[in-house]
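Worksheet: the structure to be examined is printed underneath.
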Amino acid sequence: MGLEAAVEATVQFLDKAVKPVMVAGPKLRVAKAGAAFTELADASGYAVATMPSAKGMVAETLPRFLGTYWGAVSTAFCAEIVESADAYVFAGPIFNDYSSVGYSFLLKKEKAVIVQPDRVTVGNGPAFGCVMMKDFLSELAKRVTKNTTAYENYKRIFVPDGEPPASEPGEPLRVNVLFKHVQKMLTGDSAVVAETGDSWFNCQKLKLPEGCGYEFQMQYGSIGWSVGALLGYAQGATDKRVIACIGDGSFQVTAQDVSTMLRCEQKSIIFLINNGGYTIEVEIHDGPYNVIKNWNYTGLVDAIHNGEGKCWTTKVTCEEELTAAIETATGEKQDCLCFIEVIAHKDDTSKELLEWGSRVSAANSRPPNPQ
């Protein structure tokens with residue numbers, strides 16, 4: 001009865017909307033509701049976006065997929081369509097200072113249907129408890145009226161992304177050029193692990209082919225989590241070649257896990273982005289504590305390797321060296337753990353990090369609310 005009442009209230013709410021949209025949140029995974037979300041996306045005709053920490057949980061090959069909804073640092077044209085909608089279905093969202101870009105979302109509660117793993121809230125109320133997300137989304141798919149208006153509006157305003165400017169021969173490598181080449185490496189047999197930091201924003205822009213895995217951790221903003229996560233993911237997903245993008249500051253926290261990767265004969269590719277510090281922290285709140293002692297990272301991994309197991313390391317400073325390294329890692333060294341140290345300028349950050357850092361900084365430094 002609770003499920004029926006929740007579906008009935010939601011159908012009435014959505015059928016009044018002119019341009020409704022759907023947004024996937026990270027709790028889709030714990031609710032095991034990814035397939036039900038896709039079912040609703042197909043049946044409803046709504047434009048579909050994902051929150052950053054839900055990337056990879058919904059196929060990016062869906063016919064009406066917009067990209068990542070992340071407020072001011074969303075995929076181009078995605079925030080405009082989501083925030084101008086007159087109704088949005090959020091499935092399993094987590095709203096915090098990071099996911100809301102310093103609480104700067106332009107969303108209104110009265111326009112939202114919030115679907116949590118065991119609860120549905122329609123607008124400012126009513127709320128329905130003991131309703132399972134998977135069941136709710138499947139039942140809603142059978143009742144919802146098809147409405148493709150939001151996606152049609154998106155198509156009218158969409159302009160494709162440009163390519164980064166071509167590199168001059170020997171020009172110091174830019175991070176946007178690195179990720180242009182990472183994009184070309186991805187297949188359905190790949191998985192991406194995006195470390196906390198500027199890799200968040202650069203990996204978020206990757207277009208994932210069908211079946212490509214993706215891991216991204218935003219709950220705590222823990223630097224260093226990805227090295228251990230890469231170890232565990234690669235050990236479980238033996239059918240995938242895992243590509244990890246890790247900053248130098250993050251790597252210094254958990255570098256020793258490379259030892260276990262070698263012992264377990266893993267074949268992942270690690271791009272170690274060496275830009276001399278905690279770049280994300282610089283953009284939130286700069287200070288001398290954001291500069292770190294530089295390591296000889298390839299030398300460290302060679303020392304951990306110590307001639308036992310299969311390991312290949314290299315250091316790249318320009319696009320020609322990068323393309324050669326990727327060719328080797330995906331060719332003759334494809335059965336090795338490949339560690340590619342990428343030398344980048346300390347101020348080479350994505351435009352999204354610059355915007356996000358400013359907004360999060362403003363939110364974090366505001367005076368406490370006495371209420």
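Position 1 is the first residue of the sequence, and the numbers go up from there.
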Query raised in the report: What do you reckon, is NZ of Lys134 surrounded by more than 12 foreign heavy atoms closer than 6.0 Å?
Result: no
Query - Check: Asp348/Asn275 side-chain N/O donor and acceptor closer than 3.5 Å - result: no
Query raised in the report: Is the CD atom of Glu320 crowded by more than 12 outside heavy atoms at less than 6.0 Å?
Result: yes
**Report entry** For Lys310, salt bridge (charged side-chain N to carboxylate O under 4.0 Å, His left out) partners two or more places apart
**Finding:** Asp335
Query raised in the report: Any side-chain heavy-atom pair from Asp248 and Ile273 closer than 4.5 angstrom?
Result: no
Requested in this report: Answer yes or no: is there a side-chain heavy-atom contact under 4.5 Å between Val131 and Asp118?
Outcome: no
Report task. Could you check if a side-chain atom of Cys78 sits within less than 4.5 angstrom of a side-chain atom of Thr68, using non-hydrogen atoms only? Result -> no
**Report entry** Distance flag, aromatic centroids of Trp70 and Phe201, threshold under 6.0 Å
**Finding:** yes
**Report entry** CZ (Arg143) with more than 12 external heavy atoms under 6.0 Å
**Finding:** yes
Query raised in the report: Would you say Tyr289 has more than 12 foreign heavy atoms packed within less than 6.0 Å of its OH?
Result: yes
Query raised in the report: For the side-chain contact (heavy atoms from CB on, under 4.5 Å) test, which of Leu14, Asp135, Val113 pairs with Leu140?
Result: Leu14
Side-chain donor-acceptor pairs of residues 250-257 under 3.5 Å, sequence neighbours excluded:
from   : atom 1 : to     : atom 2 : distance (Å)
Gln252 : NE2    : Lys293 : O      : 2.8
Gln252 : NE2    : Tyr297 : OH     : 2.9
Thr254 : OG1    : Gly224 : O      : 2.7

Query raised in the report: Do Glu355 and Arg359 sit within salt-bridge range, that is, some charged N less than 4.0 Å from a carboxylate O?
Result: yes
Report summary line: Connected to Val18, directly or through other members, by ILVMFWY side-chain contacts below 4.5 Å are none
Requested in this report: Share the residues that join Val23 in a hydrophobic cluster, the rule being Ile, Leu, Val, Met, Phe, Trp or Tyr side chains under 4.5 Å apart at the heavy-atom level.
Outcome: Val21, Met51, Leu66, Tyr69, Phe77, Ile81, Val82, Tyr88, Phe90, Phe95, Phe105, Leu107, Ile114, Tyr151, Tyr154, Ile157, Phe158, Val159
Query - Side-chain heavy-atom pair Ile340, Val316 within 4.5 angstrom cut-off - result: yes
Query raised in the report: Should Leu40 and Phe37 count as side-chain neighbours, where that means a heavy-atom distance under 4.5 Å?
Result: no
Requested in this report: State which residue, out of Val342, Thr317, Asn294, fulfils the side-chain contact (heavy atoms from CB on, under 4.5 Å) condition with Asn274.
Outcome: Asn294
Query raised in the report: Is it true that Val282 and Ile280 fall in one hydrophobic cluster, defined by side-chain heavy atoms closer than 4.5 Å?
Result: no
Query raised in the report: If we ignore angles and hydrogens, is there a donor and acceptor under 3.5 Å between the side chains of Ser350 and Asn202?
Result: no
**Report entry** Single-linkage hydrophobic cluster Ile246~Val193, side-chain heavy atoms < 4.5 angstrom
**Finding:** yes
Query raised in the report: Who pairs with Ser361 by side-chain hydrogen bond (donor to acceptor under 3.5 Å, both in side chains), at least two apart in sequence or on another chain?
Result: none
**Report entry** Residue pairs involving residues 212-235 (criterion salt bridge (charged side-chain N to carboxylate O under 4.0 Å, His left out); sequence neighbours excluded)
**Finding:** Arg29-Glu215
Requested in this report: Taking only Lys NZ, Arg NE, NH1 and NH2, and the carboxylate oxygens of Asp or Glu, determine whether Glu352 and Lys205 approach each other closer than 4.0 Å.
Outcome: yes
Query - Glu139 and Lys142: CA distance, side-chain angles, deciding distance, salt bridge (Lys or Arg N to Asp or Glu O under 4.0 Å) verdict - result: CA-CA 5 Å; Glu139 286 302 310; Lys142 295 171 190 166; 2.9 Å; yes
Query raised in the report: Under a single-linkage rule joining Ile, Leu, Val, Met, Phe, Trp and Tyr whose side-chain heavy atoms are separated by less than 4.5 Å, which residues share a cluster with Val291?
Result: none
Query raised in the report: Are any non-hydrogen side-chain atoms of Ser222 and Gln217 less than 4.5 angstrom apart?
Result: yes
Taking distance alone, no hydrogens or angles, what donor-acceptor pairs closer than 3.5 Å link side-chain atoms of residues 230-238 to residues at least two apart or in another chain?
from   : atom 1 : to     : atom 2 : distance (Å)
Gln235 : OE1    : Gln266 : NE2    : 2.9

Query raised in the report: Residues in salt bridge (charged side-chain N to carboxylate O under 4.0 Å, His left out) with Lys180, at least two apart?
Result: Glu319
Requested in this report: Would you mind listing every salt bridge (charged side-chain N to carboxylate O under 4.0 Å, His left out) that reaches into residues 184-204, with sequence neighbours excluded?
Outcome: none
Report task. Could I get the full list of salt bridge (charged side-chain N to carboxylate O under 4.0 Å, His left out) partners for Glu60, not counting sequence neighbours? Result -> Lys55
**Report entry** Single-linkage hydrophobic cluster, 4.5 Å side-chain cutoff, Val242 and Trp200 together
**Finding:** no
Query - Pairs involving residues 325-334, ordered by first then second residue, that meet side chain to side chain donor-acceptor pair (under 3.5 Å) (sequence neighbours left out) - result: none
